[in-house]
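Okay, structure first, notes after.
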Amino acid sequence: MGIDNLSDTIIEALSIDCLIFGFKQSELDILLVQHAEGISKGKWALPGGFIKYSESADDAAERLLKDLTGVSNIYLEQLKAFGDVDRYPTKRVLTIAYNAFVKPEDYSLHPGFTATDAQWFKISDVPKLLYDHNEILKYGLKHLEHKVRHEPIGFNLLPKRFTLLQLQELYEAILGKKLDKPNFRRKLLKMNLLVQTNEKQLDVSHRAAYLYQFDKKIYNKLIEKGFTFEL
């Protein structure tokens, strides 16, 4: 039987799991779904499911994320395959993890397909997840920590214009530690990555800070060439 004849048939040994990171109120968040049926009913997990014979892994990741959460039109990057023998309770299943970084306020969540709920969780409040999803999340966080030290992070997590404090809080949320403010700002500004605007914060009780934005040309160059940012 050809692949065309299998159409919606799933590959029972191969699945997708998505790590969708967000940043709000100075904390890093992760998007989770609550399963509606089967052995996992009522439990929280990373958005994911099985790949069809008729689709690529990338297409499956986009389809599953949209069907389960309503989130679509984002850049999903393959992270790693996870294949421990006993990672799935009833059969042998390998999963391909994808990750993405978004602003939560830009997306309305609409749980569907096999999910009864979809919510953002603070990393510090993540419950016990299905299968090995806590381990996948742990790996994703380590990857993000490495990533932030070697390429610019922020375009997809911060507003178009932001304060230096907001940028520092993002780095602190990813690295899980407090950073020295003068040292952080000196190193960051030395990279010429940021452009100070003439705008300041609005509706704040303290002294309003200037807003910055990324220099897109330098941002893209640093993504391409990389760097080492010792923090």
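Here the structure is a predicted model, which means the values were calculated and not measured.
Side chains of L109 and D117 form no contact here, defined as non-hydrogen atoms less than 4.5 Å apart. Put simply, the side chain of D86 reaches to within 4.5 Å of the side chain of D84, judged on heavy atoms. Residues I11 and Y53 have side chains in contact (heavy-atom distance under 4.5 Å, counting atoms from C-beta outward). Looking at K52 and D59, their side chains never come closer than 4.5 Å, going by heavy atoms from C-beta outward.
Figure legend: K80 and F82 shown as a cation-pi pair, the cationic atom lying under 6.0 angstrom from the six-membered ring centre and within 45 degrees of its axis.
Note: the hydrophobic cluster containing F113 also contains I74 (ILVMFWY, side chain heavy atoms under 4.5 Å, direct or indirect links). Using a 4.5 Å cut-off between side-chain heavy atoms of Ile, Leu, Val, Met, Phe, Trp and Tyr, with links allowed through other members, V195 and L211 fall into different hydrophobic clusters. Note on L94: it clusters hydrophobically with I96, by side-chain heavy-atom contacts below 4.5 Å among ILVMFWY residues. The cluster map of Ile, Leu, Val, Met, Phe, Trp and Tyr, joined by side-chain heavy atoms under 4.5 Å apart, puts L165 and L188 in different clusters.
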Start with the C-alpha gap between D106 and V102, add the side-chain angles, then the distance that decides, and say whether side chain to side chain contact (heavy atoms under 4.5 Å, CB included) holds.
CA-CA 8 Å; D106 288 347; V102 303; over 6 Å; no
Are L194 and F162 close enough, and set up right, to give a side chain to side chain contact (heavy atoms under 4.5 Å, CB included), and what steps lead you there?
CA-CA 10 Å; L194 304 178; F162 49 86; 3.9 Å; yes
Please step through side chain to side chain contact (heavy atoms under 4.5 Å, CB included) for the pair L164 and Y210, ending with a clear verdict.
CA-CA 8 Å; L164 291 179; Y210 277 104; over 6 Å; no
Kindly indicate, with the supporting measurements, whether the criterion side chain to side chain contact (heavy atoms under 4.5 Å, CB included) is fulfilled by N156 and F21.
CA-CA 10 Å; N156 295 331; F21 292 104; over 6 Å; no
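Under the 3.5 Å distance criterion, the side-chain polar atoms of Q196 are left unmatched by any main-chain donor or acceptor of Y212. Checking side-chain atoms of S72 against main-chain N and O of K66 turns up no donor-acceptor pair under 3.5 Å. Checked by atom type and distance alone, the side chain of E172 pairs as donor or acceptor with a backbone atom of L179 at under 3.5 Å. Side chain of N134 to main chain of L129: a donor-acceptor pair is present (N/O by atom type, distance under 3.5 Å, no hydrogens or angles). Of the possible polar contacts, none joining the R92 side chain to the A13 backbone as a donor-acceptor pair under 3.5 Å is found. Panel note: side chain D215, backbone K217; a donor-acceptor pair is recorded below 3.5 Å. Looking only at distances, a side-chain donor or acceptor of D180 sits under 3.5 Å from a matching main-chain atom of N183. Remark: the backbone N or O of G70 is not paired with any side-chain donor or acceptor of Y107 at under 3.5 angstrom. At distances below 3.5 Å, at least one donor-acceptor pair connects side-chain atoms of Q201 with backbone N or O atoms of A209. Within the 3.5 Å criterion, the main-chain N or O of L46 finds a donor-acceptor partner in the side chain of H133.
Residue A118 comes nearest to P111 through the heavy atom pair N-CB, 3.8 Å, listed as atom of the first residue, atom of the second, then distance. The two residues Q166 and P159 make their nearest non-hydrogen contact at NE2-CG, 4.4 Å. Scanning all heavy atoms of the two residues, the minimum distance from L175 to R149 falls at CD2-NH2, 3.7 Å. The two atoms that bring A61 and C18 nearest to each other are O-SG, 4.1 Å, heavy atoms only. Nearest approach of L130 to S40, heavy atoms of both residues: CD1-CB, 3.2 Å. Looking at every heavy atom in both residues, A100 comes nearest to L76 through CB-CD2, 3.8 Å.
Taking NZ of K178 as the reference point, atom CZ of F184 lies at 12.0 Å (rounded to 0.5 Å). Separation of atoms CG (L158) and CG (L170) is listed at 5.0 Å; rounding is to 0.5 Å. To the nearest 0.5 Å, the span separating NE2 on H35 from OG1 on T114 amounts to 5.5 Å. In this structure, the separation between CD1 on I16 and CD1 on I51 is 4.0 Å, given to the nearest 0.5 Å. A distance of 11.0 Å separates CG of D132 from CG of L137, quoted to the nearest 0.5 Å. One finds the NE2 atom of H150 at 10.0 Å from the CD atom of E145 (value rounded to the nearest 0.5 Å).
Around atom NZ of K24, more than 12 heavy atoms belonging to other residues, nucleotides or ligands sit under 6.0 Å away. Around CD of Q119, the count of heavy atoms belonging to other residues, nucleotides or ligands within 6.0 Å exceeds 12. Within 6.0 Å of CD in E224 there are 12 or fewer heavy atoms belonging to other residues, nucleotides or ligands. Atom NZ of K41 has 12 or fewer neighbouring heavy atoms from other residues, nucleotides or ligands inside a 6.0 Å radius. For K91, the NZ atom sits in a packed shell: over 12 heavy atoms of surrounding residues, nucleotides or ligands are nearer than 6.0 Å. Heavy atoms of other residues, nucleotides or ligands lying less than 6.0 angstrom from CG of N73 number 12 at most. Annotation: K43, atom NZ; neighbour count of heavy atoms from other residues, nucleotides and ligands within 6.0 Å does not exceed 12.
Considering D58, D17, L79 in turn, D58 is the only one that fulfils the side-chain contact (heavy atoms from CB on, under 4.5 Å) rule with Y98. With I136 as the partner, the side-chain contact (heavy atoms from CB on, under 4.5 Å) test is satisfied by one option alone out of L141, L19, N99: L19.
The distance between the ring centers of F23 and Y171 does not fall below 6.0 angstrom.
In this pair, W44 and F121 present their aromatic rings perpendicular. The plane angle is above 60°, beyond the 30 to 60° band.
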